[in-house]
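Working notes, structure below.
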Amino acid sequence: MVVKYEFEHKCKQSNARVGKISTPHGEFETPMFMPVGTQATVKTLSPEEVKSLGSGVILSNTYHLWLRPGADIVEKAGGLHKFMNYDRAMLTDSGGFQVFSLSDLRKIDEEGVTFRSHLDGSKLFMSPEISIGIQNKLGADIIMSFDECIPYPADYDYVKKSVDRTLRWAKRGLDAHQRKDDQALFGIVQGGVYPELREYCANELKKHDFDGFAIGGTSVGEPKEVYKEMLDMTMPHLPYDKPVYVMGIGSPVFILEAIERGVDMFDCVLPTRIARHGTAMCSNGRVVIRNAKYKEDFTPLDEECDCYTCQNYSKAYIRHLFHADEQFGQRLVSIHNIRFLIKMVEDSREAIRNDRFVDYKNEFYKKYGLDENSKTNF
RNA sequence: GCGGCUGUGGUGAAGUGGUUAACACAGCGGUUUGUGGUACCGCCACGCGCGAGUUCGAUUCUCGUCAGCCGCC
């Protein structure tokens with residue numbers, strides 16, 4: 001098996017677990033947060049910086065790289081790792097999310113999805129075979145099934161129809177996969193908020209030799225309670241000896257709730273996106289760095305953080321950079337936010353090993369200024 | 001000293017004899033969850049240089065006054 005999951009320990013307080021995933025480009029401990037580098041770059045950061053933050057794996061995106069610069073060019077460069085000079089594990093999303101996020105420009109049928117390019121308006125067609133073919137050329141260590149990420153809310157009949165189609169697409173992708181020796185393929189569980197559909201989808205996927213499983217259709221605007229229900233109705237039906245990945249979650253609350261339920265991997269643009277707009281995730285809650293109250297605050301974003309930004313720069317300075325529209329500010333907050341989440345999963349792993357993850361989570365929430373039942377998703 | 005032009009929020013700048021003075025930028029606050037994000041959403045002049053007059057009503061008309069700019073002595 002290309003990607004091997006090794007279980008290490010399950011926390012006595014919950015289903016949270018610690019393990020290790022090995023790939024052709026190194027191994028990483030789980031639970032792990034994966035920064036997103038959609039266009040073969042984690043925006044504003046160099047690969048060396050990303051590595052120094054403690055991430056063992058980053059994402060890139062099939063749809064975006066397909067449009068630009070094109071899969072053939074990445075392949076000619078020697079694959080995504082060489083092209084962007086990143087030698088650790090990488091994962092590519094299938095383009096399935098774009099079916100959702102670009103929904104005003106798409107048409108879905110059994111064969112695949114017809115898009116209109118967001119770059120030049122040209123008509124494009126994506127199918128499971130095309131997505132897997134592109135991902136084979138890109139060469140990430142973990143590639144994803146081409147699925148339909150259903151919006152929330154969606155009615156039962158539509159979700160049922162969509163899940164069946166996603167399952168047929170998953171099988172087609174598996175059949176089309178040409179690099180089973182060095183690229184792991186994960187299946188994606190959909191099913192919206194319906195327990196029987198989630199269970200059904202998981203059970204059908206388990207019949208095939210996927211290397212890991214993802215839970216999709218989350219973080220599409222649903223309330224936190226609904227999110228937790230979707231995890232609860234899905235996790236029991238996934239095999240314990242394979243990695244589990246919840247797609248697209250990045251707020252501390254969503255991540256910690258996933259870890260508590262035994263999830264191993266998560267990715268999100270949230271830390272880097274909000275960083276570029278001046279919001280930092282800190283142990284005492286969010287810091288909107290443009291705020292006037294930081295004008296003369298010469299302390300770090302987060303006194304408890306060990307990142308480059310917090311070791312060297314003050315809120316007043318970073319605030320100045322944002323008001324002066326200087327790019328260095330975006331870099332500094334991006335570095336901090338990614339490190340913050342990775343430090344959070346590092347601390348989670350330690351807590352799990354010490355059988356006190358739920359205590360850790362509650363302590364984190366209290367300091368962050370919220371509790372498990374607060375309404376905010378962040 | 002004389003003549004002309006102009007005076008609207010932090011800035012630039014619309015506008016009208018009569019409901020809440022357009023817009024932009026800045027400022028202030030918020031949003032962002034498998035990145036279509038130099039994005040998005042709020043708030044921000046009880047007042048239109050000052051004073052008086054005309055009018056039912058004036059930022060808008062008239063007179064005076066002050067300030068700035070331009071020109072002429």
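Below, read A as the first sequence line, B as the second, and so on, with proteins coming before strands; counting in each chain starts at 1.
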Counting heavy atoms from C-beta on, name the nucleotide in B:rU32, B:rG36, B:rG34 closest to the side chain of A:Ile274.
B:rU32
Side-chain donor or acceptor of A:Thr272 under 3.5 Å from a matching atom on the base of B:rU35?
yes
For the rings on A:Phe322 and A:Tyr294, is their centre-to-centre separation under 6.0 Å?
no
Whole Å only: how far is the CG atom of A:Leu119 from the P atom of B:rG37?
9 Å
To the nearest Å, how far apart are A:Lys295 NZ and B:rC28 P?
6 Å
If you take atom types as modelled and just measure distance, does the side chain of A:Asn61 reach the base of B:rG34 with a donor-acceptor pair under 3.5 Å?
no
Could you give the distance separating B:rC72 and B:rA14 at their C1' atoms, to the nearest angstrom?
34 Å
Among B:rU32, B:rG29, B:rU35, the one nearest any side-chain atom of A:Arg276 is B:rU35
Inter-nucleotide C1' distance (B:rG71, B:rG15), Å rounded
30 Å
For A:Glu204 and A:Arg168, run salt bridge (charged side-chain N to carboxylate O under 4.0 Å, His left out): C-alpha distance rounded to whole Å, both residues' side-chain angles, the deciding distance at 0.1 Å, then the answer.
CA-CA 10 Å; A:Glu204 288 300 310; A:Arg168 290 191 293 273; over 6 Å; no
If the C1' atom of B:rG68 is compared with that of B:rG30, how far apart are they to the nearest Å?
41 Å
Paired to B:rG42 by Watson-Crick or G-U wobble criteria (both distances under 3.5 Å) is B:rC28
Spacing between A:Met34 atom CE and B:rU35 atom P, to the nearest angstrom
11 Å
Nucleotide nearest A:Arg273 when distance is taken to its side chain, options B:rU32, B:rC28, B:rG30
B:rU32
Nearest to the side chain of A:Arg286 - B:rU32, B:rU35, B:rG34?
B:rU32
Integer angstrom distance from the C1' of B:rG4 to that of B:rC44:
37 Å
Complementary nucleotide for B:rG71 - Watson-Crick or wobble, under 3.5 Å:
B:rC2
Return the value, rounded to whole Å, for the distance between atom CZ of A:Phe322 and atom P of B:rA26.
15 Å
When you measure from the side-chain N and O atoms of A:Gln98 to the phosphate of B:rG36, is any distance below 4.0 Å, counting only OP1 and OP2?
yes
A:Ile150 CD1 to B:rG34 P, straight-line distance once rounded to whole Å:
17 Å
Roughly how far apart, to the nearest Å, are B:rA45 and B:rA24 at atom C1'?
16 Å
Using a 6.0 Å distance limit plus a 45 degree cone around the ring axis, check whether A:Lys242 lies over the aromatic ring of A:Phe186.
no
Can you check the distance between B:rC43 and B:rG49, where both ends of the measurement are the C1' atom (answer in whole Å)?
27 Å
Integer angstrom distance from the P of B:rA67 to that of B:rC50:
15 Å
Passing option when A:Glu148 is tested against A:Arg106, A:Gln190, A:Arg165 for side-chain hydrogen bond (donor to acceptor under 3.5 Å, both in side chains):
A:Arg165
In whole Å, I'd like the distance from the CG atom of A:Leu91 to the P atom of B:rU35.
10 Å
Whole-Å gap separating P (B:rG37) and CZ (A:Phe97):
12 Å
For RNA chain B, whose closest nucleotide is more 5', that of A:Glu148 or that of A:Asn291?
A:Asn291
Knowing that exactly one of A:Val2, A:Ile143, A:Val3, A:Asp141 qualifies, which makes a side chain to side chain contact (heavy atoms under 4.5 Å, CB included) with A:Gln183?
A:Ile143
CG on A:Leu53 to OG on A:Ser334, rounded to 0.5 Å
10.0 Å
State which of B:rC28, B:rU35, B:rG34 makes the closest approach to the side chain of A:His64.
B:rU35
Can you measure A:Asp267 atom CG to B:rU35 atom P for me and round it to whole angstrom units?
7 Å
Name the nucleic acid region contacted by A:Gln190, choosing base, sugar-phosphate or nothing; use a 4.0 angstrom heavy-atom cut-off, strictly under.
base
Given B:rG34, B:rU32, B:rU35, the nucleotide with the shortest approach to the side chain of A:His277:
B:rU32
Would one find a side-chain N or O of A:Arg290 under 4.0 angstrom from OP1 or OP2 of B:rG27?
yes
Which value, in whole Å, describes the distance between the C1' atoms of nucleotides B:rG34 and B:rU38?
24 Å
In Å and rounded to the nearest 0.5 Å, what is the OH to CZ distance from A:Tyr63 to A:Arg68?
10.5 Å
